[in-house]
Amino acid sequence: TVTPTFELGQSVDLYYSVGSRTVGNADIVINTGNGVGGNFGDPAACAHWSRNYPNNPCLFPERTWNGTIFYQTAVSAAPTITSAAPGDGTVGLAYNYSYAASGTTPISYSVTAGALPPGLTLSSGGVISGTPTTAGTYTGTVTATNGINPNATQNFSITILTTTIAPTITSAAPATGTV
């Protein structure tokens, strides 16, 4: 709500447009909807209002703005994988690795080429976990998506080593001998 004022001799004091009027900057846009009257200071406008407000013909009553505010709170960004590629593992030992990415959330991860080692899975939240079952080197590509292009990709090469076990003697102790 504004309280208009009138200054004699000014071409425009406060202005209410007829029809739509949009005001904005880089942060906010205001569509003011329908306004009333003309330029305050226009003698014709003062003469018109003098019939309704004879005690003070050029001081218009308070006006209430009627419109809609459109405001964008965040800028959307495509994903970018920020973590290093996953490391190697060992057959029979638990494996755990978490991808990290920047960009508008939520971000979803998937293997889009190649394959993870047998026994390991990638969750949509970007966590590789499980217990590898087969030695070897496994390669592929993980893709991060959030609905904003371009998607982010990262190649991986995970080597699963065989379990290293210290030797143990499993035979019986030697028998006693005779000279």
Side-chain angles (χ1 to χ4, degrees), residues 1-2 14-36 63-177:
T1 301
V2 297
L14 288 177
Y15 180 77
Y16 289 93
S17 64
V18 176
S20 293
R21 182 174 179 181
T22 301
V23 179
N25 62 24
D27 296 319
I28 192 166
V29 173
I30 299 173
N31 184 350
T32 61
N34 290 327
V36 295
R63 305 290 187 205
T64 301
W65 173 74
N66 179 10
T68 304
I69 295 176
F70 300 93
Y71 196 78
Q72 184 174 349
T73 58
V75 176
S76 300
T80 301
I81 296 176
T82 57
S83 54
D88 297 335
T90 304
V91 170
L93 297 179
Y95 185 94
N96 193 292
Y97 175 82
S98 295
Y99 279 96
S102 62
T104 302
T105 57
I107 297 173
S108 181
Y109 300 84
S110 61
V111 175
T112 54
L116 290 172
L120 299 184
T121 59
L122 173 64
S123 73
S124 62
V127 177
I128 299 175
S129 61
T131 302
T133 59
T134 308
T137 299
Y138 302 88
T139 60
T141 303
V142 167
T143 300
T145 61
N146 65 358
I148 302 166
N149 288 326
N151 294 330
T153 61
Q154 184 183 74
N155 294 328
F156 66 83
S157 177
I158 301 173
T159 300
I160 302 299
L161 306 170
T162 57
T163 305
T164 305
I165 301 174
T168 57
I169 299 173
T170 58
S171 58
T176 305

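Position 1 is the first residue of the sequence, and the numbers go up from there.
For the pair Pro79 and Thr145, the tightest heavy-atom approach, listed with the atom from each and the gap, is CG-CA, 4.1 Å. Nearest heavy atoms, Thr131 versus Ala94: OG1-CA, 3.9 Å. Closest approach of Pro86 and Ile158 over heavy atoms only: CG-CD1, 4.0 Å. Shown here for Asn155 and Thr141, the closest heavy-atom pair between the two residues is OD1-OG1, 2.8 Å. For Ala135 against Thr162, the heavy-atom pair with the smallest separation is CB-CG2, 3.7 Å.
Side chain of Thr90 to main chain of Leu161: no donor-acceptor pair is present (N/O by atom type, distance under 3.5 Å, no hydrogens or angles). For Ser83 (side chain) and Ala100 (main-chain N/O), a donor-acceptor pair under 3.5 Å exists by modelled atom type.
Neither side chain, Thr143 nor Ser110, offers a donor N or O lying under 3.5 Å from an acceptor on the other.
In this structure, CD1 on Ile107 lies 14.0 Å from OH on Tyr99, to the nearest 0.5 angstrom. Annotation: the span from Thr105 atom OG1 to Asn146 atom CG amounts to 8.5 Å, rounded to 0.5 Å. Asn96 contributes atom CG, which lies 9.0 Å from atom CD1 of Ile128 (distance to the nearest 0.5 angstrom). Atom CD1 of Ile160 sits about 9.0 Å away from atom OG1 of Thr133, to the nearest 0.5 Å. Remark: Leu122 CG to Leu116 CG distance equals 6.0 Å, nearest 0.5 Å. Note that the OG1 atom of Thr112 and the CD atom of Gln154 stand 11.5 Å from one another [nearest 0.5 Å].
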Phe156 vs Tyr97, test: side chain to side chain contact (heavy atoms under 4.5 Å, CB included). Steps then yes/no.
CA-CA 12 Å; Phe156 66 83; Tyr97 175 82; over 6 Å; no
Tell me, with the steps shown, if Val127 and Tyr109 meet side chain to side chain contact (heavy atoms under 4.5 Å, CB included).
CA-CA 9 Å; Val127 177; Tyr109 300 84; over 6 Å; no
Could you go step by step and tell me if Thr137 and Thr159 meet the side chain to side chain donor-acceptor pair (under 3.5 Å) rule?
CA-CA 4 Å; Thr137 299; Thr159 300; 3.1 Å; yes
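Within the 4.5 Å cutoff, the side chain of Leu120 has no heavy atoms near those of the Tyr138 side chain.
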